[in-house]
Colleague: 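Sending over a structure as structure tokens; questions will come in a sec.
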Amino acid sequence: MVLGVPRPIVVAPMAGGPSTTELAMAAGTAGAVGFLAAGYKTPDAVAREVAELRTSRLPYGLNIFVPSSPPADLAPLREYRRALEPEAQRYGVDLPQLRLDDDDNFTAKVEIAAAAAVPLVSFTFGMPEASAVQALRSAGCAVLVTVTDVEEARRAAAAGADALIAQAGSAGGHSATTSPAGYDGSSTTPELVRDVVAAVGLPVVAAGGTGTAADVRRALAAGAVAVQAGTAFLLADEAGTRPAQRQAMLSGRFTETVVTRAFTGQPARALRNRFTDAWSASAPVGYPAVHHLTAPIRAAAAERGDPDALNLWSGTAHRDVRPGPVAEILSRLDG
Ligand SMILES: Cc1cc2nc3c(=O)[nH]c(=O)nc-3n(C[C@H](O)[C@H](O)[C@H](O)COP(=O)(O)O)c2cc1C
């Protein structure tokens with residue numbers, strides 16, 4: 001199997017805090033595999049984390065964001081910026097000017113992965129160039145590409161991926177979709193896995209809506225070689241999930257999830273809160289411009305411990321999430 005670990009479970013990369021080296025190592029120690037999340041981090045920080053995992057000799061992976069191109073028409077972004085002014089006032093912050101670049105240091109991160117021969121490298125937010133995939137494979141890395149439909153699966157296979165992560169609409173956090181305007185987040189994991197397996201002859205890791213051992217069994221029965229779960233590990237002792245998100249998840253106040261572009265301009269599944277109710281209908285496509293735009297509001301809300309303007313990323317299985325050590329959460333999923 002492409003993952004080379006006894007348990008068919010991947011602890012998902014979760015950029016923005018939850019993914020820590022402790023989380024990835026605890027997953028590896030318990031017979032699963034954990035991913036580091038390179039998103040939003042400097043190359044130096046990524047290199048340090050990779051070195052730590054490498055020294056541990058545990059299996060692990062590194063996830064990298066593929067840069068997105070800016071939208072052709074900037075008018076909807078300017079309009080959204082104007083509309084968000086009252087939010088900025090409410091939280092006592094200034095909205096930054098529009099920033100369209102997506103310099104998440106893609107090339108440097110790919111080079112770090114290749115130089116360290118990271119065992120598993122996954123991509124999200126789009127298709128890496130075939131040259132990047134080849135460079136990683138030549139360095140001894142297995143390359144996984146996150147896809148959300150059959151067409152993306154075919155493109156990832158053509159780019160030379162070793163395996164695919166089939167991410168259904170039930171998944172927490174950003175969707176990897178390359179068609180963010182039309183994305184409705186309605187696909188379910190077993191269905192998507194069956195379609196992708198039938199279309200492309202590559203191993204498929206299922207992602208989305210995993211809360212129980214029955215969810216894992218259903219994904220494997222549909223043809224997946226493993227399941228990548230994120231939300232289930234947000235309350236893990238080893239996760240770096242921000243206190244405001246932990247409290248929100250434990251509060252019982254947030255009972256539904258929605259797919260929204262309101263926080264970042266890319267569809268993402270989050271707990272429904274005041275901000276998603278107010279802005280999901282008008283938020284334009286445009287990652288990372290919207291991510292930069294809302295960053296001060298989200299930071300101020302986090303500081304105040306106000307969950308109503310936070311991006312509380314969560315999948316549809318959020319009700320099954322329990323705190324505890326990773327090893328215990330894995331035993332529940334793999335029972
Ligand atoms: C808080 C959070 C952050 C995430 N960040 C990333 C990321 O940096 N890279 C990535 O490929 N996927 C990311 N994801 C998506 C996961 O890889 C995975 O697709 C998802 O968690 C699976 O659905 P589930 O949350 O219902 O288990 C994130 C998910 C969550 C919940």
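One-based numbering, in listed order, for ligands and for the atoms of each.
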Colleague: Could you give the distance from OG (Ser122) to CZ (Phe35), rounded to the nearest 0.5 Å?
Modeller: 4.5 Å
Colleague: Show me the pairs that pass ring pair (Phe, Tyr, Trp, His ring centres under 6.0 Å) and involve residues 133-163, at least two apart or across chains.
Modeller: none
Colleague: What residue pairs, at least two apart or across chains, pass ring pair (Phe, Tyr, Trp, His ring centres under 6.0 Å) with a residue in residues 221-241?
Modeller: none
Colleague: Please check if the side chain of Gln266 supplies one atom and the backbone of Thr177 the other of a donor-acceptor pair under 3.5 Å.
Modeller: yes
Colleague: With hydrogens left out, which residues have an atom under 4.0 Å from ligand 1, given that only heavy atoms count?
Modeller: Ala12, Pro13, Met14, Ala15, Asn63, Phe65, Thr124, Gln167, Ser170, Ala171, Gly172, Gly173, Ala207, Gly208, Gly209, Thr210, Gln228, Ala229, Gly230, Thr231, Leu234, Trp313, Gly315
Colleague: Does the gap between the ring centers of Phe106 and Phe65 come in under 6.0 Å?
Modeller: no
Colleague: Taking ring pair (Phe, Tyr, Trp, His ring centres under 6.0 Å) as the cut-off, I'd like each qualifying pair that reaches into residues 165-210, sequence neighbours left out, listed once.
Modeller: Phe125-His174, His174-Tyr287, His174-Trp313
